[in-house]
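What you see is a predicted model, and the numbers here were worked out from it, not measured in a lab. In what follows, chains are A, B, ... by sequence order, proteins preceding strands, each numbered from 1.
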2 protein chains.
Amino acid sequence: MSLNNTDRRIRRTKRMIRDALTELMEDKGFDAITVRDLTDKADINRGTFYLHYKDKFALLEQCEGEVLEELAQVQGHVKELQLANFYEHFHRGEPLPFIVKLFEYLKENGAFMRVILGPNGDPLFQVKMKDILAEHLLKHMVKKARTEMEVPFEYFKAYVISAHLGVIQEWLFSGMKESPKEIAMTAFKLTFLGPRRAAGLVSDKN
Amino acid sequence: MSLNNTDRRIRRTKRMIRDALTELMEDKGFDAITVRDLTDKADINRGTFYLHYKDKFALLEQCEGEVLEELAQVQGHVKELQLANFYEHFHRGEPLPFIVKLFEYLKENGAFMRVILGPNGDPLFQVKMKDILAEHLLKHMVKKARTEMEVPFEYFKAYVISAHLGVIQEWLFSGMKESPKEIAMTAFKLTFLGPRRAAGLVSDKN
DNA sequence: TTGTATCTGTTCAATATGGAACAGCTTGAG
DNA sequence: CTCAAGCTGTTCCATATTGAACAGATACAA
């Protein structure tokens, strides 16, 4: 287990195992996967697997960790693009830059994200995704006026964050047909205008 | 260059180089490809390439050779399925088994075949494909009655074989939407009934 | 011309991966 | 129950792949 991580073979092997994990989770779910399944699909020696991962659980954990790390890097790249608040972005017809970047990242890793956020996925990963969403969505909204809220803050938070995750999942499972910017704008409108108005179920007057 | 070919790494490396070749030929054509392009895309060391191939030309040659070898194996697997002649197959509503197997093989190797038989492909490979087609199509048709032909045999041969290759190319480039059996039957009808009648441009009476 | 850059083949020692075998464990059929 | 089959970790040596460096070729701009 003393492999130096800058070697091309290591990166390639890990990527192939990760791709195999993705495919197999789609087929039979994580629980039914054996290490032999993984190494057969990845076309590597079974012994090689154990050079990198203690078992299949450690594999899943590390894959999820890498995704979260990469999402953290996305966070860094868009800090300077953020305007002061929701309203400014909306009047420019632009969704929040971080959300766009998030969807772009999801599209790149579509297969893995669809599995991990899907029916056979990892509930804990959903929680971590929500944490990331919360950090970036809430810091823009809470500034406005906290006193005049008619709903406990925690429920508001749970509502918006979970709604966004729902949009993400629907997008992933329906084939990511919309562009990242389009789907980000969709989620943005639903939050900014409220679901009913954004969906056109009520007029602007109401 | 004394590698033993049963090692998993060898097979994997060759497959990755071959996949890289396929992708790059689609992008920029064979001439523009450098060895560095190939090894970058395949994600292997450049030196590894030279352990298996003298240069990119040898690579192409070997890839084509492997495809032709595999097609030869397909030939062996269907010998016993062949009926005596065209007519028997047609009256059962079945295309020639070899042609079905051929399309099934093409579908499996769609990416490479599309490139190698495409606008940036290898004309010599087309010739070899025609040889294979000829061997299996003609031995069924020629038996019937060679004397009453109104066209020199060589032109007849060139017409039918090239027509089949054209069907193959059209199928590959249009996304292989029909099943191998369907497209094989299409090619079979065009040959058995003649193109105009098969296409319904003339009635059965004519 | 001279340089600057990239590609080509080739070599080397270091090492990650290969195939194979092993005992221990679980699972399911007889 | 017993037996057979499959999976799990682990180990061994053999070897394919790696990163690096090298000289020579080609192309292209100063």
Side-chain angles (χ1 to χ4, degrees), chain A residues 1-66 69 115 120 122, chain B residues 1-66 69 115 120 122:
Chain A
M1 196 80 84
S2 68
L3 316 180
N4 87 44
N5 255 54
T6 67
D7 190 300
R8 184 175 227 151
R9 291 169 288 186
I10 295 180
R11 299 194 306 273
R12 181 160 51 77
T13 294
K14 287 190 173 183
R15 172 162 38 78
M16 295 174 71
I17 292 176
R18 177 166 155 171
D19 290 344
L21 175 66
T22 299
E23 287 189 43
L24 287 168
M25 284 183 72
E26 276 182 328
D27 292 345
K28 50 203 303 195
F30 179 76
D31 294 336
I33 297 176
T34 69
V35 173
R36 189 181 301 272
D37 287 334
L38 288 164
T39 55
D40 284 350
K41 175 82 79 176
D43 200 21
I44 61 170
N45 188 282
R46 198 161 53 84
T48 303
F49 177 91
Y50 293 102
L51 294 176
H52 299 288
Y53 305 104
K54 182 171 166 292
D55 49 35
K56 69 172 183 171
F57 303 100
L59 164 65
L60 181 64
E61 196 173 1
Q62 186 164 330
C63 285
E64 292 179 356
E66 286 170 11
E69 278 184 23
V115 170
N120 287 330
D122 182 2
Chain B
M1 197 81 82
S2 67
L3 316 181
N4 98 41
N5 255 54
T6 66
D7 191 303
R8 186 174 223 149
R9 289 170 288 186
I10 294 179
R11 298 194 306 273
R12 181 159 51 77
T13 294
K14 287 191 172 182
R15 173 164 37 79
M16 295 176 71
I17 293 176
R18 177 168 155 171
D19 290 344
L21 175 66
T22 299
E23 286 186 39
L24 287 168
M25 284 183 72
E26 278 183 318
D27 291 346
K28 49 202 305 196
F30 181 76
D31 295 335
I33 297 176
T34 69
V35 174
R36 191 180 301 272
D37 288 335
L38 288 164
T39 56
D40 285 347
K41 174 81 80 174
D43 200 20
I44 60 169
N45 188 282
R46 198 162 52 83
T48 303
F49 177 91
Y50 294 103
L51 293 176
H52 299 287
Y53 307 102
K54 181 171 167 293
D55 49 36
K56 69 172 183 171
F57 302 100
L59 165 65
L60 182 65
E61 195 173 1
Q62 187 163 328
C63 284
E64 291 179 359
E66 287 170 10
E69 277 182 23
V115 168
N120 287 330
D122 180 1

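Considering only side-chain N and O atoms, A/H52 lies under 4.0 angstrom from the phosphate OP1 or OP2 of C/dT17. Distances shorter than 4.0 Å separate some side-chain N or O of A/T13 from OP1 or OP2 on C/dT17. Neither OP1 nor OP2 of D/dT10 sits under 4.0 Å from any side-chain N or O of A/Y50.
Checked for salt-bridge contact, A/E66 and A/K14 miss the test: no charged N lies under 4.0 Å from a carboxylate O. Ionic pairing of A/R15 and B/D43 is present here: one or more N-O contacts between side-chain nitrogen and carboxylate oxygen are shorter than 4.0 angstrom.
Comparing A/R9 and A/G47 along DNA chain D, the residue whose closest nucleotide (by nearest heavy atom) sits nearer the 5' end is A/G47. Take the nearest nucleotide of DNA chain D for A/T34 and for A/R12: the residue whose nucleotide is more 5' is A/T34. Residue-to-nucleotide proximity on DNA chain C shows that, of B/I33 and A/D43, the 5′-proximal contact is made by B/I33.
Protein atom CG of B/N45 is 14 Å distant from nucleotide atom C1' of C/dT8, rounded to whole Å. Here the C1' atom of nucleotide D/dA16 and the NZ atom of B/K14 are 12 Å apart, to the nearest Å. C/dG18 atom P lies 10 Å from atom CZ of B/R11, rounded to whole Å. Rounded to an integer number of Å, the gap from CG of B/L51 to P of C/dG18 is 16 Å. In this structure, B/D40 places its CG atom 14 Å from C1' of D/dT18, rounding to the nearest Å. Protein atom CG of A/D37 is 10 Å distant from nucleotide atom C1' of D/dC7, rounded to whole Å. In this structure, CD1 of A/I17 is placed 14 Å from P of C/dA16, rounded to the nearest angstrom. A/F49 has its CZ atom 17 Å from the P atom of C/dG19, to the nearest Å.
Contact annotation: side chain of A/R46 to base of D/dG9, donor-acceptor pair present below 3.5 Å.
Of the listed residues (A/T22, A/V35, A/L59, A/T39), just one forms a side chain to side chain contact (heavy atoms under 4.5 Å, CB included) with A/I17, and that residue is A/L59. Of the residues A/I33, A/D55, A/L21, the one that meets the side chain to side chain contact (heavy atoms under 4.5 Å, CB included) test with A/L60 is A/L21.
The side chain of B/V35 lies closest to C/dT8, out of C/dG19, D/dG9, C/dT8.
No more than 12 heavy atoms of other residues, nucleotides or ligands lie within 6.0 Å of CD in B/E61, so this atom counts as exposed by the packing criterion.
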